[in-house]
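Here the structure is a predicted model, which means the values were calculated and not measured.
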Amino acid sequence: MSYCTRLLVLIIGVMSASLWLASVTPAHAQVPFVPPKNEAERPPFPIQENTLTSQGQVPPIRDVVFRRPEDGPFTNYVRELVEQAYANLGIRVGYVDMPRTRSLVEANSGRIAGELGRLPGLENEFNNLIPVPFPLFSFEIVLVADRRKCGICNLDQVDSIAYISGMQSVESILNDYDYPNATATAQDLDQLHLMFENERVQGILLNDFEARQLGYYNDRHLIVVPLWQNEAFHYLHKRYEHIVPLLTAEFNRLQLDGEIDRISRRNSVTPFATSLPEDEELSFEMVSATSGYWRTYTDLDGTGKYWDIIRRVFAPITNELNINTNTYLRAIFGLSDQRFDMLVGTYAQHQPRNAIVSRLHFDYDRPLYVFTLTEADMAKVRNGTLEKPICHVAGYQYGDFLPDGLNYYYANSSLDCFAMLDESRAGAVINYRENLPDWNNTPYERLLIHNSLPIHVAFQDTPRGRQLRDYFDRRFRELVSSGEIAEIYAEAELERSKLGLSIRPQTAVAATPQN
């Protein structure tokens with residue numbers, strides 16, 4: 001070989017090595033990450049052709065294009081995380097609009113670069129897609145329904161279901177459950193919400209973060225039932241295989257640096273919160289519960305129907321079950337101060353600080369009223385101009401149901417409140433009609449402020465508390481579905497609580513309600 005030929009081979013080798021290094025070496029200093037301010041700054045970059053250089057090497061990746069996800073806190077978290085990782089590698093991210101079902105086909109064909117977040121195992125069906133082996137988030141597929149219409153809302157008891165077209169996880173759930181009733185599909189989240197809001201279907205199936213985005217967790221009458229949980233991974237077309245190890249390393253670095261946690265907090269999401277696995281068994285040395293006093297439900301001697309429920313749920317998993325009945329205010333402080341594992345009896349969104357509530361309600365309370373001595377005082381309550389305090393039992397947040405500007409006085413018992421009203425030391429009382437005092441001969445004026453709300457069990461917002469919460473939901477669902485709840489609640493209580501709707505027909509007939 002001549003000198004010139006050897007020199008030419010050497011030059012080609014150096015050029016090839018340089019091109020390879022440029023295609024795989026992170027360029028941290030080349031493209032600093034600046035979060036886009038608006039969609040105009042996220043152009044859909046030209047999709048690169050899957051071609052080789054004249055030397056047979058993969059060209060450097062400068063930009064990638066994905067399907068644009070629907071806006072929302074969780075998708076914003078995923079986009080920011082993915083864009084940060086790519087930016088640290090010197091790669092820009094762009095988006096194109098297309099349906100969810102089409103994007104899989106487009107990604108598998110290489111017309112877009114891949115998928116932002118999809119289920120594990122996707123590569124088994126779409127052979128050209130490669131997962132980046134780092135979970136971006138975990139999620140649950142949940143059923144959302146109105147508990148007033150289906151109780152604890154087992155899937156097979158919901159008359160009709162809708163979901164977003166192309167959600168393979170949902171279709172798998174419906175097949176696994178052998179769902180017997182009508183189904184419908186929506187093209188996007190907005191259409192799905194309208195179908196549910198307009199009562200075209202009784203329930204919908206969607207991701208938990210989409211349910212939060214739509215506010216379903218904040219509606220006291222809506223039940224959100226986890227049916228299935230999994231992790232989501234970023235997928236790339238196989239022509240990008242050479243950057244998969246770099247992306248994996250970058251995601252791990254972002255996690256170790258705490259950047260993933262910061263991104264999740266900026267977007268107000270919890271990316272790895274899932275429910276207790278169905279097959280996980282729990283055991284505790286002691287479990288403790290507290291409650292305010294409700295006659296026949298949480299009596300001072302530890303008897304009562306609510307305490308019966310707590311015993312049936314938790315006695316099998318603990319050596320000692322400690323039950324405590326107190327004033328409601330002291331019960332709240334007991335949970336807040338972590339002296340008890342649970343508080344039996346609270347509204348959702350009214351739980352103590354640093355607490356979570358059960359997904360399942362165990363009862364509906366009775367209609368709640370404001371009572372006054374005169375019509376004039378009631379008019380002032382409606383207008384928020386009553387100057388005298390409104391009395392109610394300490395610990396409740398009843399002011400949420402009335403206009404701003406009113407004053408409140410917290411008493412130990414409802415009878416104390418009515419005594420203050422009769423003596424004109426209070427202008428009104430918030431209470432149940434059943435608690436009216438025997439001594440009153442003149443009817444009070446009354447105003448309904450809510451027509452009955454679901455009552456939950458509250459738990460500490462800790463790993464232990466979340467385990468106990470999920471176990472309660474699982475075990476209480478069994479008590480209701482099997483009809484065992486009818487051994488505790490009378491027929492009228494099953495109707496009030498809506499739990500009778502969820503008892504399987506064969507067990508409902510066999511059960512004998514207690515009077």
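- A heavy-atom distance below 4.5 Å is not found between the side chains of E125 and L104.
- Looking only at side-chain heavy atoms (C-beta outward), I141 and N207 come within less than 4.5 Å of each other.
- Closest heavy-atom contact between I332 and G395: CD1-O, 3.1 Å.
- Under a 3.5 Å cut-off, the side chain of R147 and the backbone N or O of K498 do not form any donor-acceptor pair.
- Contact record, C153 with A145: SG-CB, 3.9 Å, taken as the closest heavy-atom pair.
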### Message
One pair to check against side-chain contact (heavy atoms from CB on, under 4.5 Å): R212 and F74. What are the steps and the verdict?
### Response
CA-CA 9 Å; R212 293 186 191 280; F74 217 95; over 6 Å; no
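- Using modelled atom types, one side-chain atom of R220 and one backbone atom of A348 make a donor-acceptor pair closer than 3.5 Å.
- Applying the 6.0 Å contact sphere to CZ of R200 captures no more than 12 heavy atoms from other residues, nucleotides or ligands.
- Listed by chain and residue number, K238 satisfy the side-chain hydrogen bond (donor to acceptor under 3.5 Å, both in side chains) test with N128 (two or more places apart in sequence, or in another chain).
- One finds a salt bridge joining R359 and D470 here, because a Lys/Arg side-chain nitrogen approaches an Asp/Glu carboxylate oxygen to under 4.0 Å.
- Separating the CG atom in L214 from the CD1 atom in I204 is a distance of 6.5 Å, to the nearest 0.5 Å.
- What you find for M98 and S103 is that their closest heavy atoms are SD-CA, 3.4 Å.
- Within 6.0 Å of atom CD in Q349, more than 12 heavy atoms from other residues, nucleotides or ligands are found, so the atom counts as buried in its surroundings.
- Separating the CD atom in Q467 from the CD atom in Q460 is a distance of 12.5 Å, to the nearest 0.5 Å.
- Using bins of under 30°, 30° to 60° and over 60° for the plane-to-plane angle, the ring pair F209/F137 lands in the perpendicular bin.
- The aromatic rings of F472 and F314 lie parallel to each other, with less than 30° between the two planes, well short of the 60° mark.
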### Task
Go through I130 and E123 one step at a time and tell me if the side-chain contact (heavy atoms from CB on, under 4.5 Å) criterion holds.
CA-CA 6 Å; I130 299 171; E123 67 275 15; over 6 Å; no
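- Here the side chains of L116 and R79 are in contact, with some heavy-atom distance below 4.5 Å.
- A distance of 14.5 Å separates OH of Y179 from CD of E171, quoted to the nearest 0.5 Å.
- For the pair L81 and Y77, the minimum side-chain heavy-atom distance is below 4.5 Å.
- Using a 4.5 Å cut-off on side-chain heavy atoms (C-beta onward), Y364 and R148 make contact.
- Contact between V158 and N181 at its shortest, heavy atoms only, is O-ND2, 3.0 Å.
- Looking at N230 and S169, their side chains never bring a donor and an acceptor atom within 3.5 Å of each other.
- Between the side chain of S288 and the backbone N or O of D341 there is at least one donor-acceptor pair closer than 3.5 Å.
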### side-chain contact (heavy atoms from CB on, under 4.5 Å) assessment of Y217 paired with D208
CA-CA 9 Å; Y217 283 82; D208 58 337; 3.5 Å; yes
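- Taking 4.5 Å as the limit, some side-chain heavy atom of I488 sits within range of a side-chain heavy atom of R312.
- Inspection of the E80 and N76 side chains reveals no N or O donor paired with an N or O acceptor under 3.5 Å.
- F362 has its side chain within reach of Y489: a pair of non-hydrogen atoms, C-beta onward, lies under 4.5 Å apart.
- Counting only distance, with no hydrogens or angles, the side chain of T290 and the backbone of L343 share no donor-acceptor pair below 3.5 Å.
- What you find for A289 and I310 is that their closest heavy atoms are CB-CG2, 4.3 Å.
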### Message
Quick one, D461 with R353, criterion salt bridge (Lys or Arg N to Asp or Glu O under 4.0 Å). Give me CA distance, side-chain angles, the key distance, then yes/no.
### Response
CA-CA 9 Å; D461 190 7; R353 58 182 174 85; over 6 Å; no
### Message
Checking L222 against D146 for the side-chain contact (heavy atoms from CB on, under 4.5 Å) test, could you report, in this order, the C-alpha distance in whole Å, the side-chain angles of both residues, the deciding distance, and whether it holds?
### Response
CA-CA 5 Å; L222 295 184; D146 190 327; 4.3 Å; yes
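- Taken from CG in L499 to SG in C150, the straight-line distance is 11.0 Å, to the nearest 0.5 Å.
- Checked by atom type and distance alone, the side chain of T185 never pairs as donor or acceptor with a backbone atom of S165 at under 3.5 Å.
- Rounded to the nearest 0.5 Å, atoms CG (L206) and NE2 (H193) are 11.0 Å apart.
- In this structure, the side chains of R475 and I317 stay at 4.5 Å or more apart for every pair of heavy atoms.
- A donor-acceptor pair under 3.5 Å is absent between the side-chain atoms of Q191 and the main chain of A186, judged by distance alone.
- Proximity of a side-chain donor or acceptor of Q351 to a complementary backbone N or O of F459 within less than 3.5 Å is not detected.
- Ring centroid separation for the pair H350 and F401 comes in under the 6.0 Å cut-off.
- The nearest pair of heavy atoms linking Y471 to P316 is OH-CB, 4.4 Å.
- Inspection of the Y347 and D400 side chains reveals no N or O donor paired with an N or O acceptor under 3.5 Å.
- Judged by distance alone, the side chain of R239 and the main-chain N or O of G110 form a donor-acceptor pair under 3.5 Å.
- Counted by atom type alone, T75 and E70 present zero donor-acceptor pairs between their side chains at under 3.5 Å.
- Taking the six-membered ring where the residue is Trp, the centroids of Y235 and F126 are separated by 6.0 Å or more.
- Separating the NE2 atom in H456 from the CG atom in D363 is a distance of 11.0 Å, to the nearest 0.5 Å.
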